[in-house]
Amino acid sequence: MNLALTLFVCVLQGICGQETTTDPVTTGGENITSLGVQPSIKLGYALLLILGFGVFSVVVAIAFNLVRKKVYHDSDNVDTAFDAGGNVSIGLTATTIVSQWTWSATLLQSSTVASKYGISGPFWYGAGATIQILMFATLSIQLKTKAPGAKTFLQVIRARFGKSAHIVFCVFACVTNLVVMVSLLLAGTSVMTSLVEGLSLELACLIMAAVMGSYTLIGGLGATFYVSYFNTSLIFSMIILLVIEVYYNPSGRASNPLGSPDVIYHYLNQTRGPDGNAENSYLTFLSSGGAMFGVINIIGNFGTVFCDQSYWQSSVAAKPVQGVWGFIAGGLTWFAIPFTLATTMGLSYLALGTLRGAPLLSPADVDKGLVPPVVAQVLLQESGEYVLLLLILMAVMSTGSAEVIAVASIIVYDIYQIYGLPFRRNFKDGNCILCNKTLRKMDAEQQPYYNGKVDTSTTELFTMQKDVCVEDIEKDMCVCPSAYGCPDCAADRARRQEFSDTITEEPYHCPTHGKYRQYQDSLMRIKSWIILWFTMFTIPLILFVVGVGLNLTWVFLFTGVLIGCTVIPIALSVIWSRVTSVAMIAGVISGCVSGLTAWLIMASTYEGGLGDFLKNTGRELVMFVGNCCSIGVGGIVCIVVSLVTGKSKSDKAYEEWEKTRNIENPLHPWSLKYAEEFGIDTSTTTIWRPTQEEMAKIFRKARLIAIIVGLVLTVGLVIIWPSSMMSLVVLSETQFRMWTQFSQVWAFTAAVFIVTVPFVQEIYGIIKQVKQNRENAQESSNGEDAHTVKSNGAYVHDQEQAIRKRSEQVEHHTAL
C-alpha cells in the first residue's frame, strides 16, 4: 500500500511538470562546454579487432554444426536450423536469454537513466526488464506442452484463430523485430563512431551487418547458442573489469580520481538532483522520474519479449523443464548487467561532472547513450575505450543474430509456407500435409485395429503404417506411413549419402515423403537468402532512422506505445482456451490506436505542440500515458470481447488445444523429443503421441515452478525491494557502500554461473551422447538395428510395450 501511494504521488508530481528532460548535472560551470567523447581508437585496429571476433564466431558456428552432425547426428533440415535440435540445456538456454536481452541499449540506456535519476535508475532498468523474462517461463512451458510442434508463436495464433488474426500478429511481430534492431544499431553505431577515429556511420552499419549475418548464416539458431556463451562470458568479464577499476583502481591510475564508493558518495552528495527526487538527491529511491521510467520500462519490455519471436525460439529450442529453469536463471543473471554496470558507470558520470564543475556530455549526447563511453575514456583512457567497444560489439552480435533468426523463422514458417509458396495451396487445417486427407482419430490407449468404437475423451491423432490393417478405414482418411522407420526414406538417405560428394543433388524417391522432403530442402535455401537480405536491409534502415533525427532514448520509450497492445492477447493465446479471433484482433488494434492517440494528444499539450515533434513526443510523461493506454486498452478489450464471444464449455477447451497440438512436421514428429519422459520406445516404427492429460501430468511440477517462482520474484523485484529502499529516503555513506557492494556481489555470482554451468552441461551432454552412440553401434553390429521395419505382428507387440512403458513413466513422474 505504501508503495502504491508513493508511486501515485510520484506520478502526480510528474503530471504537475516536475519531470527531468535535460542533463541533471548543473552544479556550477554553466559556461564550461561539455567534454564529449573523443574518438581515439585507430580505424585499422578497430577493424582488426572486429574481424577477429567475426572469424572466431564463424569458427564457433562451424564447430557447432560438426558437433550436432557427428555427435548428435542431427539431420540438416529447416526445423533443426530453427530449434537447434530441441534439446538445449538449462545453461545454454540461460546464456542465450542473457545475450539476447543484452542489447547495446542495455549497456548504454541503463547508465543514461542512472545519470538522470541516481540510484533508482539502474534498479528500475534492471527490475523493469527482468520480470518479463521470469514471467515468460510460464508462457514457455505452456507453448511446449500445448503446441510442442510449433516453431513460432504465430503458428499457434493461426491454428487457433485463423488467417485474419495471423496476418495482424505477423505484422506486429515483424514491427517488433524492426524496433529491436533499430534500438540495437542506434546504440551500436553511436558508440562505434564516437570511439573509433575516422569511422563513418555507413561503414559502422556495414561492419555490424557483416558481423551479425556471417555466423548466423552458417550455423542457424544453434550457432547463436554457442556464440552467445562466449559473448556473454566476455560481457561479464568486461563489466567486472570496469567495476574493479572504478571502485578500487588497483593499478593506481592517475586518470581515475574516484577509486572507492566513499569518494563517489562524497561527490554525489554535493550534486543537486532533479526536482522529482526526495531532497533533490541522487541517493534516493523516492524519484518521480525514476518511478515513471520504471512503469514505461516494464510495459515496453513486455512487448519486446512477448511479441519478439527470438524469445519464443529459445523456448522452442529447449524441453519444457529446461526452458523453465533456463528462463528463470537467465532473468536473474541478466539483472546483474544493467544493475551493476549502470550503478558503476552512471553514478561515476555524475561524480565526475561534479568534480569537473560541468557535465561531461551535452543533453543530446546523454540521450544517444554516450555516458559509459565518456566515463571509460576519462577513467581508463585508451583501455577503457577498447572495453566499451568490445561490450557493444558483443551485444550487437548476440542480439542482432537472434533477431535475424527470428525474422527468418517468421518469414519461412508463417509467410512463405502459408501465403508465398505453400506445399499444398488447397491444404485444409486438420488434414495430413502429405496427402491432404483427414487425419484419423483413435484411442491412444487401445490398439487401432481391435477397437471399433473410439472414446472421444482421450482421442489422439495418428498416422497409420503401411502394414496396418485398414479394412474399416474410409477412403478419405489418411493412411500415410510414418517417416520414422520408413524403408523408402532410409534408402533415400543412404543414396544421398553415397552421392554427397558429387555436384548433382540426388532426388528423393520415397512415394510418400519424397516431395515434402524436397520442399523442406528448398526452405533451407530460402532461409539462407532471408538471413542475407534482412541483414543487408538493416543498413539503410539505421541510416534512415539516424537521418530523421531519432535517438536511442526516444526509440526505447516509444516501443511500448507501439507494441504494448500485443502483450496480453499473446499471453492469453497460449493460456486461455476461451479467447476468440475477434477478441485478439480487436484487442491489439484498439490498444495500438488508443496508445498512439493518447501519446499524440498528450504531446500536443506542451509548448510547440506536435510541431516540435521529437522533443514533445519524447517527454517521459507523454510516453508514460501512451504506454499505459496501449497495454491497458489492448488487454481489457481482448478479455471483454472473449467473454462475450467465447465458449466456456470444457469440451471446447479440449478441441481448442488439439488444434495447436496438431502443428507438426510429419518428417519430424514432436513426440520423438519426449521419448525419454513418456517411455516412448524409439526402437519401433510406432510413434505414440502423448495425450493432453499426460502432458499436463508429467510437466505439472515444472508449470507450478514457473508460475510460483515467476510471481514471487516479480513481487519481490517491483514491490518489496523498492519499498524497503524507499523507506530509507536518502542513503547514508555506509548504506551507499553496501548498495554498491551488493551490486558487485550479484555481478560476480552471475558471472560465475554463466561461465561455468553452460560449459559443464554441454561437455557432459556431449560425453553422454558419445557413450550412447558407441552402445548403439555395438547393438547394431550384433544385429539389433534400432530402426528395422518390423512385421505386423511385431508392430502390435511394440505398441503394447510402448503403452505399458508410457503409463509407468507418467505414473512415476506424477508421483514425484
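Atom set for the values below is all heavy atoms of this structure, side chains included, hydrogens, waters and symmetry mates excluded.
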Undergrad: Judged by atom type as modelled, is there a donor-acceptor pair below 3.5 Å linking the side chain of Gln761 to the main-chain atoms of Gly91?
TA: yes

Undergrad: Per the ring pair (Phe, Tyr, Trp, His ring centres under 6.0 Å) rule, which among Phe335, Phe339, Phe556 passes with Tyr125?
TA: Phe556

Undergrad: Using a 3.5 Å distance criterion without hydrogens, assess whether the side chain of Thr284 forms a donor-acceptor pair with backbone atoms of Asn277.
TA: no

Undergrad: Side chain of Thr740, backbone of Arg737: donor and acceptor closer than 3.5 Å?
TA: yes

Undergrad: Tell me whether the count of non-hydrogen atoms from other residues, nucleotides or ligands lying under 6.0 Å of OH in Tyr764 goes above 12.
TA: no

Undergrad: What verdict does the side chain to side chain contact (heavy atoms under 4.5 Å, CB included) test give for Leu107 and Leu341, after you've listed the backbone C-alpha separation in whole Å, the side-chain angles of each residue and the deciding distance to 0.1 Å?
TA: CA-CA 7 Å; Leu107 305 173; Leu341 181 65; 3.7 Å; yes

Undergrad: In terms of ring plane angle, is the pair Trp721 and Phe123 parallel, tilted or perpendicular, where the classes change at 30° and 60°?
TA: perpendicular

Undergrad: Would a distance-only check, ignoring hydrogens and angles, find a side-chain to backbone donor-acceptor pair under 3.5 Å from Ser140 to Phe136?
TA: no

Undergrad: Quick one: does any side-chain atom of Thr93 pair with a main-chain N or O of Gly326 as donor and acceptor, under 3.5 Å?
TA: no

Undergrad: How about Ser409 and Gln313: does a side-chain donor come under 3.5 Å of a side-chain acceptor?
TA: yes

Undergrad: Can you tell me if Asp262 uses its side chain to pair, donor with acceptor, with the backbone of Glu733 under 3.5 Å?
TA: no

Undergrad: Please check this pair: side chain of Trp334 against backbone of Trp101, looking for a donor-acceptor N/O pair closer than 3.5 Å.
TA: yes

Undergrad: Could you walk me through whether Phe306 and Tyr311 pass side chain to side chain contact (heavy atoms under 4.5 Å, CB included), step by step?
TA: CA-CA 8 Å; Phe306 285 25; Tyr311 298 95; over 6 Å; no

Undergrad: Using only atom types and a distance under 3.5 Å, with no angle test, would you say the side chain of Asn627 pairs donor to acceptor with the backbone of Leu557?
TA: yes

Undergrad: Quick check on ring pair (Phe, Tyr, Trp, His ring centres under 6.0 Å): which of Phe285, Tyr265, Tyr247 does Trp739 satisfy it with?
TA: Phe285

